[in-house]
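Report on the structure given below.
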Amino acid sequence: MRSWSVRHARGLTTIYAGVEAILVKLHPLLRRIGYARLEKPVFAVEKLAKGFLFDSQSCGQCVVGSTGLSCPMNCPKKLRNGPCGGVRMNGKCEIYADIDCVWVLAWEGNKRLKSSEYPIQFVQPAIDNRLAGSSAWLREVRSKVGSVSNEI
Ligand code: SF4
């Protein structure tokens with residue numbers, strides 16, 4: 001499924017942006033309900049959807065929008081800023097020869113995006129393992145409306 005998502009990166013990214021825009025609009029309601037209270041159910045839905053589409057590993061700091069919808073957490077080395085030096089000539093992973101290198105997929109997916117900026121070129125911050133298992137969607141909404149922090 002993850003290869004399918006990369007092949008359809010353009011359409012899925014548009015849908016994803018739409019869902020994000022709706023969630024941002026819902027911020028007043030979400031705040032009223034309470035982000036802490038929403039964390040568990042939203043994370044459950046997010047895990048299911050992103051797990052199905054991207055083999056997401058629920059790191060809580062989703063960057064698939066910048067990686068052509070290829071989840072970098074599927075890289076055995078968990079590299080978030082490009083491939084290691086061991087990618088095989090056929091595009092397979094150095095560690096597991098039967099899987100595609102996530103960064104080869106990321107480049108393919110990125111080329112399908114509308115943006116001429118190539119978001120894959122943005123440098124990603126180091127992963128914060130304390131956020132694993134929390135909702136990246138809710139964190140993104142709060143960061144978009146400027147109400148927040150990386151705290152769960
Ligand atoms: S080949 Fe690609 S997926 Fe495999 S370890 Fe290196 S960067 Fe990660």
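All ligand and atom numbering here is 1-based and tracks the order in the structure. Just so you know, these numbers use all the heavy atoms, side chains as well, and skip hydrogens, waters and symmetry mates.
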Near Lys77 (heavy-atom distance under 4.0 Å), the atoms of ligand 1 are 5 (S)
Residue pair Lys50 / Trp137, side-chain heavy-atom distance below 4.5 Å | yes
Check your understanding: Is the count of non-hydrogen atoms from other residues, nucleotides or ligands lying under 6.0 Å from Lys78 atom NZ greater than 12?
Key -> yes
Note: ligand 1 atoms sitting under 4.0 Å from heavy atoms of Pro76 are 3 (S), 4 (Fe), 5 (S), 8 (Fe)
Closest to atom 4 (Fe) of ligand 1 among protein heavy atoms sits Cys93 SG, 2.4 Å
SG of Cys62 to CZ of Arg139, rounded to nearest 0.5 Å, is 11.0 Å
The reported gap from CG in Leu105 to CG in Asp100 (rounded to nearest 0.5 angstrom) is 4.5 Å
among protein heavy atoms, the one nearest atom 1 (S) of ligand 1 is Glu94 N, 3.3 Å
shortest atom 2 (Fe) of ligand 1-to-protein heavy-atom contact is with Cys101 SG, 2.4 Å
One should read off an interatomic distance between Leu53 CG and Ser5 OG, to the nearest 0.5 angstrom, of 4.5 Å
- Message: Just so I know, are the side chains of Lys77 and Ile95 near enough to count as touching, which here means a heavy-atom distance under 4.5 Å?
- Response: yes
Please determine if atom 6 (Fe) of ligand 1 has an N/O/S atom from Cys84 lying under 2.8 Å away. yes
Tell me, please, if Cys75 has any N/O/S atom, main chain or side chain, under 2.8 Å from atom 2 (Fe) of ligand 1?
no
One finds that the ligand 1 atoms under 4.0 Å from a non-hydrogen atom of Val102 are 3 (S)
